[in-house]
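Labels below follow one simple rule: chain letters A, B, ... track the order of the sequence lines, proteins then strands, and each chain is numbered from 1.
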There are 2 protein chains.
Amino acid sequence: MKQEPPSASGSRRVRMAPDQRRAHILNAAQALFFERGWEDVTISDVLDAAGISKGGFYHHFAAKEDLLDAIVQRFTAEALTAAQAARAATSGDALARFNAFLAASSRWKAERGARMKFFTDVMLRPGNDILFARITAAANAAVMPVLIDMIAQGVDEGTFDVPDTALVGETITAMSQGRRVTLSDALRLAEGGDVDRASDILYRRLVAEGEVIDRLLGLPRGSVALSNRREYGLMLRAIVNPEP
Amino acid sequence: MKQEPPSASGSRRVRMAPDQRRAHILNAAQALFFERGWEDVTISDVLDAAGISKGGFYHHFAAKEDLLDAIVQRFTAEALTAAQAARAATSGDALARFNAFLAASSRWKAERGARMKFFTDVMLRPGNDILFARITAAANAAVMPVLIDMIAQGVDEGTFDVPDTALVGETITAMSQGRRVTLSDALRLAEGGDVDRASDILYRRLVAEGEVIDRLLGLPRGSVALSNRREYGLMLRAIVNPEP
DNA sequence: TCTAAATACCGACCGTCGGTTTGTAATGGA
DNA sequence: TCCATTACAAACCGACGGTCGGTATTTAGA
């Protein structure tokens, strides 16, 4: 098949190193997906946003699904290294280390939420459920061994007492997952101006989660301090009135 | 636009009452979706299976998504009435009623799994995650009030002692959700012939879940008896060698 | 009982989407 | 300098979800 010669004033042909191009496309795609959801963003949209042709795109990605996989992988890798770093930075007995780990985790999530509006964009929009589910599922699965290992060490140490290490780890993660709904409500409240009430709702949820974890780990009430609402409070404010 | 006269030996024109037709289409669609997943089943497939034309289909359903909604709704309604019935059939103190409720629940799930291969078809196939997620999410959300109400009654009665009623309810549901993975493993084992080991794995999981719920409800270990492995054992066998 | 409105249904057609193919300009090593 | 490889462009394709004009059957009103 013959092909028209490229129109003289046609698009510029910009060459990039494969890694750079991939990252470039990925960034554009991620922003679009977070904003409008997986299904509502077409390959053409990504093409326009990234300033590349279809052929160029499919030279770097095999399918639309590959974009999702890559985004998920990026998040997973980040979450895992952050979790490992957080864990390595802990000291003291199992409970102290566990608390420090949880604090670092929520600090990470909160700052991430404030900086890139991950939570607002991904969580609030309906239709982004699939996206959110895949990302968190993968990230949680990656981080799970770290969590379970911490619990196991606590058991060995005699600080924790659990029915089943793996199940308790999964339960903690699964329960924390539900925080998304509370966070979503709080965000709506905060955007409506009622930041204090929003913080309060979040705080109560965190306290309750802490008490549940106490029980799961066989600890006296109040041992696990998940109640670092400061971080989430800061995040709420950062989202409500964003700063450069 | 002129249209060809319908070919003489063309498709028969069968008229049905709207409700019947809807249900008919829905059944065909559900079977296909459970078998091959949401994305891999086209409207045309449903058309062929249901023996209806495109125009006929879109006379009863506004979009493909409507099929999902309808299926989800059907399941939700079934689950809710079953849960309410199970709850109404209980007696005794809160713990006894709770145990009876759990037993009825798993009996319902197990028999359902055995009868219509819901679990095998929907859960094992990769790609059916979306389908499974939407169905269980809706069903759980519908049943949640029943669960929470039972817990609240136990608290009022003084039998239970929980940090936060709603959170505990959600946690129990979320944890039970994870059983899907264990069930999936067990199913694979059972289909490989090792039914005993499969039952055993399931049993251990159920015992652990029971102990977790004990703690969540502030009960002594062994209070909650989730360990009715008989039901699941029967289900496993029913799936492995199905009977007419 | 005749007729007209309502409605269940048909199937060709359409726009869009994800993905493929064919062709070309830039790059770098020999 | 040549040429193989790479990075990209753009025309193209089949399939999909959905629409639309039209037809057959039932139902309601007189």
Side-chain angles (χ1 to χ4, degrees), chain A residues 1-29 32-33 36-71 127 130-131, chain B residues 1-29 32-33 36-71 127 130-131:
Chain A
M1 256 164 237
K2 276 283 87 167
Q3 197 156 334
E4 299 283 320
S7 51
S9 65
S11 52
R12 311 202 63 50
R13 201 161 195 131
V14 186
R15 239 179 133 90
M16 291 179 66
D19 288 352
Q20 283 178 36
R21 181 61 88 187
R22 244 186 97 89
H24 181 70
I25 296 173
L26 220 53
N27 291 337
L32 286 176
F33 289 144
R36 311 212 306 261
W38 171 252
E39 316 228 79
D40 286 353
V41 173
T42 70
I43 291 288
S44 285
D45 294 334
V46 176
L47 265 34
D48 292 344
I52 200 176
S53 71
K54 225 162 195 191
F57 172 83
Y58 277 101
H59 180 70
H60 294 283
F61 295 91
K64 192 189 180 189
E65 274 278 325
D66 267 25
L67 285 173
L68 222 187
D69 291 341
I71 292 173
I130 321 105
L131 199 60
Chain B
M1 258 164 233
K2 276 284 83 168
Q3 197 156 334
E4 299 282 319
S7 50
S9 66
S11 53
R12 310 205 62 51
R13 200 159 195 138
V14 186
R15 239 180 132 92
M16 290 178 65
D19 288 353
Q20 282 178 38
R21 180 62 87 189
R22 245 186 96 90
H24 181 69
I25 296 174
L26 220 52
N27 291 336
L32 286 177
F33 289 144
R36 310 213 305 263
W38 172 253
E39 316 230 76
D40 286 354
V41 174
T42 71
I43 292 288
S44 284
D45 293 334
V46 176
L47 265 34
D48 292 344
I52 199 176
S53 72
K54 223 164 197 187
F57 172 83
Y58 278 101
H59 181 70
H60 294 283
F61 295 91
K64 193 189 181 189
E65 274 279 326
D66 267 24
L67 285 173
L68 223 187
D69 291 341
I71 291 172
I130 322 105
L131 200 60

Worksheet item: For B:Val41 and B:Val46, which heavy atoms make the closest approach, and how far apart are they?
Response: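 Where B:Val41 meets B:Val46 most closely, the heavy atoms are CG1-CG2, 3.9 Å.
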
[X] [atom1] to [N] [atom2], straight-line distance once rounded to whole Å:
X	N	atom1	atom2	answer
A:Arg22	D:dT6	CZ	C1'	16 Å
A:Phe61	D:dC8	CZ	P	11 Å
B:Asp66	D:dG18	CG	P	9 Å
B:Met16	C:dT7	CE	P	18 Å
B:Gln20	C:dT7	CD	P	18 Å
A:Leu47	D:dC8	CG	P	12 Å

Worksheet item: Any side-chain heavy-atom pair from B:Leu67 and B:Ile25 closer than 4.5 angstrom?
Response: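 Yes, their side chains come closer than 4.5 Å.
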
Worksheet item: Tell me, which pairs form a salt bridge (charged side-chain N to carboxylate O under 4.0 Å, His left out) where one or both residues lie in residues 37-58 of chain B, sequence neighbours left out?
Response: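 As it turns out, the salt bridge (charged side-chain N to carboxylate O under 4.0 Å, His left out) pairs with a partner in residues 37-58 of chain B, which skip direct neighbours, are B:Arg36-B:Asp45.
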
Discussion item. Show, in sequence, the C-alpha distance, side-chain angles and deciding distance for B:Leu68 and B:Leu131, and conclude whether the side chain to side chain contact (heavy atoms under 4.5 Å, CB included) test is met.
Written reply: CA-CA 8 Å; B:Leu68 223 187; B:Leu131 200 60; 4.0 Å; yes

Worksheet item: ring-ring contact (aromatic ring centres under 6.0 Å, His included) with B:Phe57: which residues, sequence neighbours excluded?
Response: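 B:Phe57: ring-ring contact (aromatic ring centres under 6.0 Å, His included) contacts with B:Phe61.
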
Counting just side-chain N and O atoms, does [X] come under 4.0 Å of either OP1 or OP2 of [N]?
X	N	result
B:His59	C:dC9	no
A:His60	D:dT6	no
B:Arg21	C:dA8	no

Discussion item. Please determine whether any donor N or O and acceptor N or O are separated by less than 3.5 Å between the side chain of A:Arg15 and the base of C:dT27.
Written reply: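 A donor-acceptor contact between them is absent.
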
Using a cut-off of under 3.5 Å, enumerate the N/O to N/O pairs linking the protein to nucleotides 17-19 of chain C.
{"unit_1": "C:dG18", "atom_1": "OP1", "unit_2": "A:Lys64", "atom_2": "NZ", "d": "3.1"}
{"unit_1": "C:dG18", "atom_1": "OP2", "unit_2": "A:Ile43", "atom_2": "N", "d": "2.8"}
{"unit_1": "C:dG18", "atom_1": "N7", "unit_2": "A:Lys54", "atom_2": "NZ", "d": "3.0"}
{"unit_1": "C:dG19", "atom_1": "OP2", "unit_2": "A:Tyr58", "atom_2": "OH", "d": "3.0"}
{"unit_1": "C:dG19", "atom_1": "OP2", "unit_2": "A:Lys64", "atom_2": "N", "d": "2.8"}
{"unit_1": "C:dG19", "atom_1": "N7", "unit_2": "A:Lys54", "atom_2": "NZ", "d": "3.1"}
{"unit_1": "C:dG19", "atom_1": "O6", "unit_2": "A:Lys54", "atom_2": "NZ", "d": "2.6"}

Discussion item. Among residues at least two apart in sequence or on other chains, which ones pass side-chain contact (heavy atoms from CB on, under 4.5 Å) with B:Ala28?
Written reply: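 If we apply the side-chain contact (heavy atoms from CB on, under 4.5 Å) test to B:Ala28, skipping adjacent residues, the hits are B:Ala49, B:Ala50.
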
Item to complete: Can you sort out the partners of B:Asp69 under side chain to side chain donor-acceptor pair (under 3.5 Å), two or more places apart, ordered by chain and number?
Response: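 Partners of B:Asp69 under the side chain to side chain donor-acceptor pair (under 3.5 Å) test: B:Arg134.
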
Practice prompt. Could you please name the option among D:dA7, D:dA9, C:dG11 that lies closest to any side-chain atom of B:Ser53?
Written response: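 Among D:dA7, D:dA9, C:dG11, the one nearest the side chain of B:Ser53 is C:dG11.
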
